[in-house]
Amino acid sequence: MKPVTHLRSHTAVLAHENIDTDRIIPARFLTTTERAGLGRYAFNDWRYNADGSANAAFELNKPAARGCEILVAGRNFGCGSSREHAPWALLDFGLRAVLSSEIADIFRNNALKNGLLAVVLSESEHRYLLAHPGIELAIDVAAQTIELPDGGRFSFQLDAFAKHCLLTGVDQLGFLLSQAPQIEHFERLRQEAA
Amino acid sequence: MAARTLFDKLWDAHLVKPQTAATPAVLYIDLHLIHEVTSPQAFAELRTRGLPVRCPERTLATLDHSTPTTPFDDLGQPVYASEEAAAQVGELEKNCAQFGIRLNGWSSEHRGIVHVIGPELGATQPGMTIVCGDSHTSTHGAFGALAFGIGTTEVGHVLATQCLLQQKPKTLAIHVDGALPAGSSAKDLVLHIIGQIGVNGGTGHVIEYRGSAIQALSMEQRMTVCNMAIEAGARAGLIAPDETTYAYLRNKPYAPQGEDWDKAVAYWNTLASDADARYDREVRVDASRVAPTVTYGTHPGMVVALHAPVPTPASLQERRALDYMKVEAGKSLIGMSVDVVFIGSCTNSRLSDLRDAADVLRGRTLDARVRMLVVPGSLAIKREAESEGLDQVFRAAGAEWREPGCSMCIAMNGDLAKPGQLVVSTSNRNFEGRQGPGARTVLASPAVAAASAVAGCIADPQSLLQEQAA
Ligand code: SF4
């Protein structure tokens, strides 16, 4: 994973609540054994019409959304399945951060492990961003802040370990593997107790 | 020691290293279930790093999500929906062979949906930690195991280290007292609960279902209730093990035997939450008020009693959902025209579910417009159902009796509805397009689904069942 420290982009807004993982990437695209190249399926059934043409009415197809790396989504984004294909698809599609007032547990966990910033904001901050699509935000991971064009600033929670991994690009498996002595100790204790 | 909840006990017993300000807890995993869809990239990672699977004996694999449920071809081979699906299965077969993992593959009598075969084999046991790259892993919580879904990166973590990094979740007690009315099922109960607390009502929490109505449920019913904990956003669902649990598990192939069994039961008996244990949140549900319940919208929290009017949309979102579903506020769903009925999925594909559906269908035929798929959760269930003659009831009614698998629950194996079709489904998700692009899903119990197949429109099974009894 590449380190994620700063992010500056204008926002695209998908105000729908409860955008589930089947919306983010429909299950029929999960027969892949790769993690690359899933961006073309991101939001597939919204993005394309039944005949395969682009759905011009879909927010992320609009010219204003081009190149935007920050998605502001309605409450409870990412609910549903545990498929990591969802953050893989969003990253490959070009998104680097998802902001909402509530993000489903497994999705958030999966996203952060892949360097997709999944940030939970307060209701009022969220409402402000929903009402101002397209504004430019500057996210500072170390400071845990989001800077608005008018100089205003939102701060957000991020657990220390996830933050460390984002900032250094370190992956968590390395950390787990370094716990081998403790894991062996745990297994030994259990065996003795049995 | 301070009073602890069932969750606290499970958590504490698996802590390799507690959480600190800088690092999450390291949690040991007793059982890792894997399937073809969410594992290939994890095995690829192991290969890239040259890592072995730490505990192949704690890993159990099955084929379910993308596998066909149609009969084998003349050469005895499965007929896949796509080459990709076949390749994905081939990948799991190769990975299991290379890393020494048990695979309940095509030739196995134990093949089936991952959350159905774990309990059926007795691999799922109280007191365990169980994970799988699948959100409905919460099903196994019915046994008093801490069981939750993980992503593919974490599947790799568990394969390599048998551990996971976890932030401790909060606890939510759902007390369900009173008795379920006759005619209401575990599915109705869990839909009712999700309607009450909302699709995000459990976010960040592990739910413990408690109370007399929960204790009165069979294991199969408890699994239905825990299965859908994730649909309320919860990390996991839990029910304390008791005599019902032990009676189910005794003599299952992987369950402890003889002296080991007695020792295990003695331990399992210590797991229930202490009387004065505290939860972060508590909710009360009156089971006696649970009517047969269905969903009317596009997430599992949009539920309504079968005979009650669909509520007026409270937001633009809900208005859109009603438009998508072609449902009218102020009217009940009864009489709404049905195209497809699906009996299956890890929510409702066990023997008791098939019996419930067969009871309604016996001696009747499907409405001519309806296509009905009955997909048992495992090969074992299929065989038991056939020995009871249930397959004959379904076939005689005009339904398709299929091989086990996830099938139309996730619609990635070729079993799917056409755009605009209405599916009454015993599965767990009614998201837009979940059962095929443009398909509309109404979640229901097996009895309501079967009655709707007979009527050709959403219908109450009660009158059919009464006719039969008369
Ligand atoms: S039946 Fe449905 S919910 Fe259950 S494991 Fe299969 S796809 Fe997932």
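In what follows, chains are A, B, ... by sequence order, proteins preceding strands, each numbered from 1.
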Participant: If you look at every heavy atom in B:Gly204 and A:Asp105, which pair is closest and at what distance?
Facilitator: N-OD2, 2.7 Å
Participant: Relative to chain B, which of A:Asn110, A:Thr32, A:Asn114 shows the most heavy atom pairs under 4.5 Å?
Facilitator: A:Thr32
Participant: Hey, does B:Glu318 have a side-chain heavy atom less than 4.5 Å from the side chain of A:Glu17?
Facilitator: no
Participant: Inspect the contact between A:Asp45 and B:Arg434 and indicate whether a charged nitrogen and a carboxylate oxygen are less than 4.0 angstrom apart.
Facilitator: no
Participant: Given a strict heavy-atom distance threshold of 4.5 Å, which part of B:Ala13 is in contact with chain A: side chain, backbone, both, or neither?
Facilitator: backbone
Participant: Which atom names give the shortest non-hydrogen contact between B:Val37 and A:Leu30, and what distance separates them?
Facilitator: CG1-O, 3.5 Å
Participant: Testing A:Glu84, A:Lys113, A:Gln172 for side chain to side chain donor-acceptor pair (under 3.5 Å) with B:Thr153, which one passes?
Facilitator: A:Glu84
Participant: Which bit of B:Glu36 is near chain A, if near means a heavy-atom gap under 4.5 Å: side chain, backbone, both or neither?
Facilitator: neither
Participant: Count the heavy-atom pairs under 4.5 Å between each of A:Leu173, A:Asn44, A:Asp22 and chain B, then report the option with the highest count.
Facilitator: A:Leu173
Participant: Which of these, B:Val158, B:Leu165, B:Leu164, sits in a side chain to side chain contact (heavy atoms under 4.5 Å, CB included) with A:Leu176?
Facilitator: B:Leu165
Participant: On a heavy-atom basis, which atom in A:Ile106 and which in B:Gly151 lie closest, and how many Å separate them?
Facilitator: CG2-N, 4.5 Å
Participant: I would like to know whether A:Asn18 and B:Gln317 meet side-chain hydrogen bond (donor to acceptor under 3.5 Å, both in side chains); could you show each step before the answer?
Facilitator: CA-CA 9 Å; A:Asn18 307 310; B:Gln317 217 68 66; over 6 Å; no
Participant: Determine the minimum heavy-atom distance between B:Arg235 and A:Asn109, stating which atoms define it.
Facilitator: NH2-ND2, 4.1 Å
Participant: Check each atom of B:His157 against the heavy atoms of chain A and say whether the ones under 4.5 Å are side chain, backbone, both or neither.
Facilitator: both
Participant: Strictly below 4.0 Å, N to O, side chains only: are A:Glu187 and B:Arg54 in salt-bridge contact?
Facilitator: yes
